[in-house]
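Notes to accompany the following structure.
The chains referred to below are lettered A, B, ... by the order of the sequence lines, with proteins before strands, and numbering in each begins at 1. Side-chain atoms are counted along with the backbone in the values below, which use heavy atoms only and exclude waters and symmetry mates.
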Amino acid sequence: MTLASMKRKYEPRRSAEGEAQATSAMIASLAAEGYETVAAPFGHALVEAAGADDKIVGLSADLAKYTDLHIFANAMPDRFYQMGMAEQLLMSAAAGLAREGFNPFATTYCVFAARRAYDFIAMAIAEENLPVKIVCGLPGLTTGYGPSHQATEDLAIFRGLPNMTIIDPCDADDIAGMVPQIAAHAGPVYARLLRGAVPRVLTRHKPDYRFELGRAQLIRDGADVLVISSGFMTMRALDAAGVLAEDGIDVAVLHTPTIKPLDTETILSQVQKGGRLVVTAENHTIVGGLGEAVARTLLTGGAAPTFRMIGLPDAFLEAGALPTLHDMYGLSVRRVVEQIKGWM
Amino acid sequence: MNQSSSEAGANMSLALRAWNIRRKALLMGQVQGQGYIGQALGVADVLAACYFHALRYRAQDPEWEGRDRFLLSIGHYAIALYAALMEANVLPEEELPTYGMDDSRMPMSGMASYTPGMEITGGSLGQGLGIAVGMALGLKRKENPAFIYNLMSDGELGEGSTWEAAMSAVQHRLDNLICLVDFNNQQADGKSTDMLAQVPEEQKWAAFGWMAQRVDGNDMSAVVAALDAARAADHTGPRVIIFDTRMCKGVEFLENREITHFVRVEPDEWATALAVLEEGKPQ
Ligand SMILES: Cc1ncc(C[n+]2csc(CCOP(=O)(O)OP(=O)(O)O)c2C)c(N)n1
Ligand SMILES: [Mg+2]
């Protein structure tokens, strides 16, 4: 289905009768059929980390409730700062707290960190290499609310920033595992966040999986295709691999939650096993994200497999129901399967 | 003043217009089972006074060069503006059931490229007033006497960009700019007055050089008087009206529930809310 576009502003619409099409609403949860979910993994993990490190403080720009930071704010109210809806201030103040020896976790939505507050992050935080942990909700295409809330280029923006560590977690265990590790990290971090009821995916496919900062890990092996993915696209890749297996296509999935620094060693050694179609899958524009980072790794590392990218187009996306949009832009399981089959 | 409404509607009271806006917003909320209904009910009186008293526009020609420009800086208030635009015949009421659906011209967050009468894309808050400054400069350059209205929220008072624009409007003596602030004392995490709105806002704006008024935004005659005063004022700079509004106004059982940024309405409550509103229909 194609959705409204500029040219059609003056074309009347009919109501879609009987078609119970939901909603471009803000709070749509990811379709993650069959996975158990964990409530607010970030908030709970931060409370635990803060118990061990009394320098940890939390700040939000009027989005604590929407980034699961309210769990921390309720548990440790005297270590939480409500900064109001002022994202530039949020980042400057986090830098100031870090200068005074604290370990600040600052939350907002990805779009507002990457776009509005970027210069403040670049100069006050990254250039000084301060240990501010920027943890943000609504990564990539996780709301049907339109471009104002769809952070389709955040990874590209932050990849260009020296000193920045960038994480795109897949599930509740990635998030819970990431929090103490980034708390212990001495420099700035940008982490994408899944909030609310977050699926538990990776241990279902690989029971001994544990998040490790800076490491890519093979979740599933396979002889025909190697998918290199991050964020919830690892979930989609794993689900697609299950479907493709029924058609005799054997898909390996290499989960790469740390986007920067990229685990080039693991990526190269997996690709150099040879003979497999290599596909990157990311919840981000194909410009400047995981796919291009992997492409550079392969070219400069002397590997030249058949290489394809799954990701969002270089465009401002439509508003609409999240499942509609994931299908339209190629991020649904059905579309991942279709794309990989088309490339075989 | 407006050149739009049908002859039949010309004498309709502003109270009835506001009631119609509330009703349409509730019907849209019912379509999706959700929506920023608390904000829509709260700001309905201000929108009725704007669209049926203050603004000049042509319903069938939303880009008419002589129109007053109405900017919705707060994208999430789109449900309220759609209701007003339908009441003003800018949008056809038949499209109401498409609200928030795929392929609708009325997405949950207001965007210029989707909806006739939607001047700017809101949603990334704190951008409207700066755009309003540029449009006000542009109108002056073109010697176009129209006004720019920018509707913003109390949450947006926290963004630095708002105050950059506020200072600029004074520097450039933008007496064609009227800023409307919906002060519902609510933001995503709690009350605005617990965050950055600690000092009375009308005093801040006045100190910045604006002609500032603060009125009860649910008292129609006060709203109308403030809009009239803002347009007519003998003041060489911009004008702001801070409207104190009550979220969920007009549907008492919603007004009395614990108010949050996103008021939850249970599936069966939409019909009840419409029935309660019906009882309060103005004559
Ligand atoms: C720049 C920016 N920061 C944060 C948000 C997320 N957000 C959406 S509404 C909102 C509350 C802002 O206050 P207000 O507009 O007064 O909210 P309301 O009265 O509707 O509760 C926030 C923080 C946003 N849309 N834009
Ligand atoms: Mg408010």
Side-chain angles (χ1 to χ4, degrees), chain A residues 1-17 19-28 60-67 69-70 73 82-89 92 109 111-112 115-116 120 143-150 316 318-321 323-325 328, chain B residues 31-36 62-63 75-76 78 91-92 94-118 121-127 153-163 187-192 194-198 260-262:
Chain A
M1 158 177 265
T2 48
L3 301 182
S5 70
M6 182 80 83
K7 279 160 254 108
R8 294 163 62 205
K9 176 171 178 172
Y10 293 108
E11 265 177 42
R13 301 289 196 285
R14 259 190 298 277
S15 57
E17 257 168 69
E19 207 182 317
Q21 266 296 2
T23 172
S24 53
M26 172 78 77
I27 306 151
S60 188
D62 195 20
L63 284 173
K65 279 189 200 168
Y66 294 79
T67 54
L69 191 65
H70 65 295
Q82 174 58 262
M83 303 311 290
M85 191 172 68
E87 294 78 12
Q88 300 176 344
L89 164 73
S92 304
Y109 286 157
V111 278
F112 307 124
R115 296 176 183 162
R116 180 147 318 176
F120 296 75
T143 165
Y145 214 60
S148 66
H149 287 65
Q150 291 161 344
F316 287 107
E318 305 284 354
T324 308
L325 297 177
M328 188 167 137
Chain B
V31 165
Q32 286 297 339
Q34 59 170 305
Y36 283 98
E63 294 179 27
H76 66 290
L91 280 178
E94 302 86 77
E95 286 187 38
L96 189 149
T98 72
Y99 168 69
M101 300 286 187
D102 289 349
D103 208 31
S104 173
R105 290 200 286 180
M106 297 184 288
M108 293 282 212
S109 186
M111 285 184 276
S113 58
Y114 282 69
T115 319
M118 189 68 75
T121 295
S124 176
L125 298 174
Q127 300 206 15
S153 66
D154 48 0
E156 290 186 288
L157 297 167
E159 292 287 352
S161 55
T162 294
W163 298 99
Q187 295 186 215
D189 276 343
K191 285 181 189 296
S192 313
D194 287 341
M195 298 187 208
L196 296 169
Q198 303 268 335
T260 57
H261 169 64
F262 197 77

query: If you take all heavy atoms of B/Ser124 and A/Phe112, which pair is closest and at what distance?
result: OG-CE2, 3.6 Å
query: Do A/Met328 and B/Asp102 have side chains that get closer than 4.5 Å, going by heavy atoms?
result: no
task: Give a yes-or-no answer on whether the side chains of B/Ser104 and A/Arg13 include a donor-acceptor pair shorter than 3.5 Å.
output: no
- request: Against chain A, label B/Ser161 side chain, backbone, both or neither, depending on which of its atoms sit under 4.5 Å from a heavy atom there.
  value: side chain
- request: Please examine the side chains of A/Lys65 and B/Phe262, heavy atoms only from C-beta on, and report whether any two atoms are closer than 4.5 Å.
  value: no
task: Check step by step if side chain to side chain donor-acceptor pair (under 3.5 Å) holds for B/Asp189 and A/Gln82.
output: CA-CA 9 Å; B/Asp189 276 343; A/Gln82 174 58 262; 2.8 Å; yes
Student check: side-chain heavy atoms of B/Pro107 and A/Glu318 closer than 4.5 Å: no
query: With only heavy atoms counted, which part of B/Leu125 is less than 4.5 Å from chain A, the side chain, the backbone, both or neither?
result: both
- prompt: Heavy-atom distance under 4.5 Å between the side chains of A/Lys9 and B/Thr115, does that happen here?
  reply: no
- prompt: Below 4.5 Å, heavy atoms only, C-beta onward: do A/Glu11 and B/Arg105 meet side chain to side chain?
  reply: no
Heavy-atom check, side chain of A/Tyr145 versus side chain of B/His76, under 4.5 Å: yes
message: Ignoring hydrogens, what is the shortest heavy-atom contact between B/Ser109 and A/Ser148? Give both atom names and the distance.
response: OG-OG, 4.2 Å
message: Given 3.5 Å as the limit, does a donor-acceptor pair link the side chain of B/Tyr114 with the main chain of A/Arg8, or not?
response: no
- prompt: With chain A, which of B/Glu159, B/Met195, B/Gln127 has the greatest number of heavy-atom pairs at distances under 4.5 Å?
  reply: B/Glu159
message: Quick check on A/Arg115 against chain B: is it the side chain, the backbone, both or neither that has a heavy atom closer than 4.5 Å?
response: neither
message: For the CG atom of A/Leu89 and the CG atom of B/Leu196, what is their distance to the nearest 0.5 Å?
response: 7.0 Å
- prompt: What's the verdict on side-chain contact (heavy atoms from CB on, under 4.5 Å) for A/Met85 and B/Glu156, showing C-alpha distance, side-chain angles and the deciding distance?
  reply: CA-CA 7 Å; A/Met85 191 172 68; B/Glu156 290 186 288; 4.1 Å; yes
